[in-house]
Amino acid sequence: MTSTSEMPAEAAEARLSSPQESRRRAGGDGRGALATALIRLAILAGILVVWQVVGDLTTFGRWVSDPLSVAARVGDWARSGLLWEGTRVTLSTTLLGFALGTVVGGLAGVLLGVTRRLGALLEPFILALYSIPKIALAPLFLLWFGIGQLPKIMLAAMLVGFLIFFNVYQGTKTIDGQLIAIVRLMGAGRVAVIRKVALPYLSAWLFAGLKMGLPYALIGAVVGEFMASTAGLGYMVKNASSMFDTDGVFAGLIVLMTISTVLFLLLTAAEKRVLHWAGRGI
Amino acid sequence: MTSTSEMPAEAAEARLSSPQESRRRAGGDGRGALATALIRLAILAGILVVWQVVGDLTTFGRWVSDPLSVAARVGDWARSGLLWEGTRVTLSTTLLGFALGTVVGGLAGVLLGVTRRLGALLEPFILALYSIPKIALAPLFLLWFGIGQLPKIMLAAMLVGFLIFFNVYQGTKTIDGQLIAIVRLMGAGRVAVIRKVALPYLSAWLFAGLKMGLPYALIGAVVGEFMASTAGLGYMVKNASSMFDTDGVFAGLIVLMTISTVLFLLLTAAEKRVLHWAGRGI
Amino acid sequence: MATPETTIGSTRRTEGLIRLAGVSKAFGDRLVMAGLDLTIGEGEFVCVVGPSGGGKSTLLNMISGLDEATTGVVSFRGRAVSGLNNEVGYITQRDLLLPWRTAANNIRLPLELRGWSRTAMAERVREILAMTGLDHAADSYPYELSGGMRKRVSIGRVLAYSPSVLLMDEPFASLDAQLRLQMHEELLRMWQDSRVTSVVFVTHDLVEAITLADRVVVIAGQPGRVDLELPIEIDRPRRVVDVQSHPRYADYFQRLWSALGHDQPTGGAQ
Amino acid sequence: MATPETTIGSTRRTEGLIRLAGVSKAFGDRLVMAGLDLTIGEGEFVCVVGPSGGGKSTLLNMISGLDEATTGVVSFRGRAVSGLNNEVGYITQRDLLLPWRTAANNIRLPLELRGWSRTAMAERVREILAMTGLDHAADSYPYELSGGMRKRVSIGRVLAYSPSVLLMDEPFASLDAQLRLQMHEELLRMWQDSRVTSVVFVTHDLVEAITLADRVVVIAGQPGRVDLELPIEIDRPRRVVDVQSHPRYADYFQRLWSALGHDQPTGGAQ
Amino acid sequence: GGGGASQDGSTKVRIALASFSVGHGLSLIARDGGFFERRGLSVEIINAQGAQNAVAAVASGDVQAFVGTPANAFAAASQARFVMPLRAYAGPSVTLTLRVDVAARLGLPANASPEQRLKALDGLTIASISPAISPTLMLRHTSEQAGARINFTYLDQTTYAAALQAKSIDGFIGSSPYAEIAESQGSGLSWLSGPAGDFPGYGSSYMQIGLGITTGYADANPDVTSRMVRSYLDAAEYVRDHPDEAKAVLRKSFPELDGRVWDQVWTSQKAAFTAPVPTAEDLAFTYREYTESGSAKGGDIDLDRMLAPQLVDAARSL
Ligand SMILES: Nc1ncnc2c1ncn2[C@@H]1O[C@H](COP(=O)(O)OP(=O)(O)OP(=O)(O)O)[C@@H](O)[C@H]1O
Ligand SMILES: Nc1ncnc2c1ncn2[C@@H]1O[C@H](COP(=O)(O)OP(=O)(O)OP(=O)(O)O)[C@@H](O)[C@H]1O
Ligand SMILES: [Mg+2]
Ligand SMILES: [Mg+2]
């Protein structure tokens, strides 16, 4: 048995309990992961059963469809190709918006965090923009970006960008000032401080932002498709909804959740690699 | 002249520059705050002038109204009482949703962070729920919570709750494990660790969550009012928007931004008091 | 209790309070400790010396339950240590203060955890602040304290609740000579009053080790193990400033010095 | 240069490299230093001793520009220090390692900042790792290092780029005796080779101070000021292990000891 | 349950509108003209932003009725039982608006027939709210019969004008007052008017807007139901007998609308408010259209029950 210190992920799990307790529970690398997967599957199965029962047996059921009908609908979509086409459109919008929002929001967060005076000046304005319900700006999006994929990408990017910005910006406030000073004393200019200290330090905050932003990228893409489109999962959901087709609505939502779960697991895996040093004290 | 060390806010501003540089720029407590306020006013004035010019002189103008028309509309609303009524409704929804979301999201974040195994199990499910475009669930909200204030409060609380949850939950991963262990060794049980270590430590993360969540509370309230309502700023904006009444739309948005800015400044003031110790190294 | 009595080099030890038997410790595939055997008796004051990175802190971590032996057994009062060992007070090498609490409130923390009354806490905190020379810094936050002051808060915090067994990891390294003497005397007084029954004290300062200990344990080697156990037979109560003039002092110093692998004698041993 | 030459107690000093004149420092309304005057010459090795919380780290902070005098002037090479003073290398009391970099990469950091070539960096990092006894820990992250190892990384990181002026705040407090001797010799060698011209070295260990310094400065009092400046007239090059047998050693020790307000002599001065 | 009683003894009722447009004007006239009050009802009108929301609000029990199209009720029949007791508005309320430059490019004479106008739409990009709603089906149906293929794109109504200006679309099919506003802004031109009967085959028998009530509520509260229906009939009579006053009453709900636009809106829409109550044939025609659209699930819909002529009779007798 190896020690927790070589297993950042497990060690992180142990954080608030005693090291030994959690090591015992975790049970070892491979077995722990398998157990986690199995329990998750059990939870999922439980949810599905409850959903099926509610959907079948209660009057409320017709508002939430049920897993079998949803599965059948997803199957239909898969056969007709609608599923792949919709996923392709929405996923590409999501990823492009996510990337754009992350880059812009992250850079803005770091830069305003570094030139803190500017940050303090602009913070309220950024916040004011952030607090606009973006749907109210639908006409402006359309006017600027047309009705293609672009307005949806921009909407997703905006939603993501603000979240990333606030996380990273807040993170800059918690950087140890002495650490920065000492690195500057070693000869680092502002850019070097950002590259060598701020960015690595902020990765914990960035990952929080990424995790929070990812679903919003999807939401942005979908809401964008609600506003204007002829394709994509959002379009399919909206369309089903306007026909009171609950099976279709929930089939769309399930596909969306699946996508976000997959993306999220990828993100978590990346986080475990990058953040092994976090939470060990500076 | 007093030293920065007694001025957490100014000291924070200095974080990434040399202590002396920033002290010189900040100029002193009172003067610094005044200067900041003045520069912010100047920026605001600049934005308004540009907006007025764009609104008056370009074909694009009719899509963004202009500050004078917006001011006139806000004035009308103020005289007719619509403004106060709308603000009262939306603000109370916002604050209730914010409070509810913060409590539920914060508690969930801390609890799942502490019982990390449970957190790891449930994280994907929470994320899946989080990534549903909430508007797609509008009929369910209406069905469960009726058309009063409740569905809007719930929507706001959901949006806020997820953001707070993810921030706090991510924060628990960065707590220094040794610090926790040593406090447990001093006799702290799990509850004491949460109260005496996790919660104070997480305040930096919580404030990030609060800042990000606050606008979403407002957005939740407003989007909820978009769905089905008879009052509130969201209702006013939506009505104006369906009448292509840009003055009304922007008047509503400006009022919303004002509200969120005021709330945000209160939050920032609280943060400065609470977080003076952050960023000084543990 | 099932622990067999041991007598090696102890004047006051009555039984094995802490026992490490055949302990090894690996971090990943790096073995940092192997086949370590050590028994610490009830009421014993043991100093641990050894090269930096030799495993001294790891030893204390294992006794406190913060870390777990890879193989072998660590037992406390005859029971294998499993999970955090609440009976020990541990002054870690790094001062792990709570940055959001003032010096006084950091010291108050363990008392709060024990549910002391307000007045009892206030009284005790005042005592500790005086003892550590921090009266004037009671309301300062950790970021407003000097390195030595932070260290003193972290010491005071543990002494405040008088745990019966103390683990101390280089507690006085960053204090000036005067404060250090003061703390030595305070610590020995607490120990002789039996408020603290056993102490495991890690230090790099051989003078300090000889001054305080019943027995000095040298941990050395790659991987680390117990290289020498040296009973210090200097009468108690000791006056801290007198120890260096004791006839056996130079001999003790010399033996520790060479056990640590040093080739030349140095001033402290003259 | 406008700085007047000073000659007080220095054998090698040629001019005032660092000058503090009438410096006081207040944190809020707490005055921690008042009317402090100190000149440190080019090429001089000055040790600073004083009680914990006396303002030693604050002094180094002011010289490096990390902190600013409340009144008075701190000048470096005849110019008032304003903003960070890049000419000094500062080994802080707290080891401020980058937790996401291995030991080797922490040492590499200043070299990267100076745009060294890959091969030059690798070479230099190897040298420093060997010098600090960290060869086997090159790829460990800070959280995998012992306290003394972390400290050594933080020392090595500054020595790696050979800044001409060194500020060192209790650098060797957590090292074992052997390593400490080794580091003393290394430091003196670098200084005598004139790779490091001036050193300001804070320590609590009077033996260390006398061993290394041209002059020992005692900072004491509430608020702190220079209480004694004691030139150490022991020939260079010194063999570290010989200093304590030097005839003047006991006298120096005694004078410092009483300047620090200690009432009784202790073993180190016998 | 029924609506509660308000302080003055009148029955409280909430009615959800699927959207806040002139098409729903009769509800607003009934409210602002005091016709509900006169029947002892205290009515609150809710803008539900979408038929789904309106139906869900009724199903929640918080709202007693919704106003929407029969298609809404057909679709919602899978989720709640509805009756559609009356026609508040008849005929297609929608108008196809084309971008001014597109209309000019098509170069049709001013007196071109609807068929010619439909044929000219071939290859154009036309916006609608959703593919499943009646106006889209109607436009697709009629244009295909005329030999044109339209590229539909689906936008929120509030973005129509912006999309026109950005030249992202060539036109849109929308309800009043969107068409009139676009026209008044000079960006759009009314090309085919629903109220004017420009869509061949879709006369006054199609796409009524009606009052939707769950069968459960109607059975449990026959009296309140009758009074609700009666109020609408009163309002319709008022529009017929006092058109100018009715216009002024409705104007209150659209204060920001330009005066000239308002005149146009009223002219095109007012006739619909006074349309006769639908017959069984009308409803059957609409139902057929609905099921043929392919989007319908049909099923257990009882058309007789849905039309509920006895409710209207009961209302008339009040
Ligand atoms: N979490 C960890 N992961 C990997 N290696 C570790 C870890 N903790 C300690 N080590 C290694 O174990 C060895 C012993 O460390 P320990 O802290 O016990 O040394 P020490 O004797 O206390 O040294 P010092 O006197 O410098 O404090 C070191 O080589 C260190 O690198
Ligand atoms: N940021 C700060 N805010 C308030 N007070 C401070 C701050 N930094 C230092 N002080 C105070 O200044 C005094 C001198 O601190 P300094 O760190 O210079 O002491 P020192 O001589 O280095 O002590 P040690 O030997 O313990 O490291 C202390 O009383 C400390 O509390
Ligand atoms: Mg150690
Ligand atoms: Mg210091």
Side-chain angles (χ1 to χ4, degrees), chain B residues 58-65 69-70 72-73 76-77 79-80 82 89 134-152 154-155 222-232 234-253, chain E residues 14-22 24 31 43-64 66 76 79-80 156-166 174-182 184-187 253-258 261-262 265:
Chain B
T58 69
T59 52
F60 176 65
R62 77 154 79 109
W63 302 101
V64 293
S65 183
S69 318
V70 166
R73 177 61 58 86
D76 290 348
W77 284 351
R79 269 187 299 282
S80 69
L82 257 173
V89 170
K134 309 296 170 297
I135 333 182
L137 298 183
L140 289 184
F141 272 88
L142 289 171
L143 194 65
W144 284 326
F145 307 119
I147 56 149
Q149 208 182 3
L150 195 58
K152 289 114 197 167
M154 297 308 287
L155 182 60
V222 166
V223 171
E225 289 168 359
F226 282 5
M227 284 177 343
S229 69
T230 51
Y235 170 77
M236 288 155 75
V237 167
K238 188 69 186 183
N239 260 356
S241 146
S242 45
M243 294 296 111
F244 294 111
D245 167 17
T246 5
D247 295 354
V249 171
F250 278 83
L253 294 183
Chain E
R14 288 205 184 99
I15 299 175
L17 306 189
S19 74
F20 197 81
S21 65
V22 182
H24 287 96
R31 180 188 66 186
V43 168
E44 190 180 9
I45 300 282
I46 315 283
N47 178 6
Q49 301 294 339
Q52 315 90 281
N53 291 349
V55 170
V58 173
S60 79
D62 244 18
V63 168
Q64 284 69 47
F66 84 99
Q79 291 169 333
D156 195 86
Q157 291 198 79
T158 56
T159 63
Y160 284 173
L164 271 195
Q165 166 144 347
S175 53
S176 193
Y178 298 103
E180 289 85 352
I181 291 174
S184 78
Q185 289 182 344
S187 56
S253 294
F254 301 91
E256 312 303 340
L257 226 49
D258 180 78
V261 175
W262 177 246
V265 168

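Since the structure is predicted, the reported quantities are computational estimates derived from the model, not experimental observations. Each chain gets a letter, A, B and so on, in the order its sequence line appears, and its residues count up from 1.
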**Q** Count the heavy-atom pairs under 4.5 Å between each of B/Ile147, B/Asp247, B/Asp245 and chain E, then report the option with the highest count.
**A**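 Of the candidates given, the most pairs with chain E belong to B/Ile147.
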
**Q** Contact part of E/Ala16 toward chain B, heavy-atom cut-off under 4.5 Å: side chain, backbone, both or neither?
**A**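 Neither the backbone nor the side chain of E/Ala16 comes within 4.5 Å of chain B.
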
**Q** Side chain from CB out, backbone as N, CA, C, O: work out which of these in E/Gln185 comes under 4.5 Å of a heavy atom of chain B, or both, or neither.
**A**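 Its backbone and side chain both get close to chain B.
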
**Q** Nearest 0.5 angstrom please: E/Asn53 CG to B/Leu140 CG, how far?
**A**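 Going from the CG atom of E/Asn53 to the CG atom of B/Leu140 covers 10.5 Å.
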
**Q** Of all heavy-atom pairs between B/Leu142 and E/Ala57, which one has the smallest distance, and what is that distance?
**A**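 So the minimum-distance heavy-atom pair works out to CB-N, 4.3 Å.
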
**Q** What part of E/Ile45 lies closer than 4.5 angstrom to a heavy atom of chain B: side chain, backbone, both or neither?
**A**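 Backbone only.
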
**Q** Does any heavy atom of chain E fall under 4.5 Å from the side chain of B/Asn239, the backbone, both, or neither of them?
**A**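 The side chain, not the backbone.
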
**Q** What part of E/Ile181 gets within 4.5 angstrom of chain B, counting heavy atoms only: side chain, backbone, both, or neither?
**A**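 Just the side chain, heavy atoms under 4.5 Å.
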
**Q** Please report the closest heavy-atom contact between E/Ala56 and B/Pro139, naming both atoms and the distance.
**A**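 So the minimum-distance heavy-atom pair works out to CB-O, 3.4 Å.
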
**Q** Over all heavy atoms of both residues, which pair between B/Gly146 and E/Ser60 is shortest? Give the atoms and the distance, please.
**A**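 Looking at all heavy atoms of both residues, the closest pair is CA-OG, 3.8 Å.
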
**Q** Taking all heavy atoms of E/Asp62 and all of B/Phe145, pick out the closest pair and write down the distance.
**A**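 Closest heavy-atom pair between E/Asp62 and B/Phe145: OD2-O, 4.4 Å.
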
**Q** Looking only at heavy atoms, what is the nearest atom pair of E/Ala59 and B/Leu143, with distance?
**A**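 Looking at all heavy atoms of both residues, the shortest contact is CB-CD1, 3.4 Å.
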
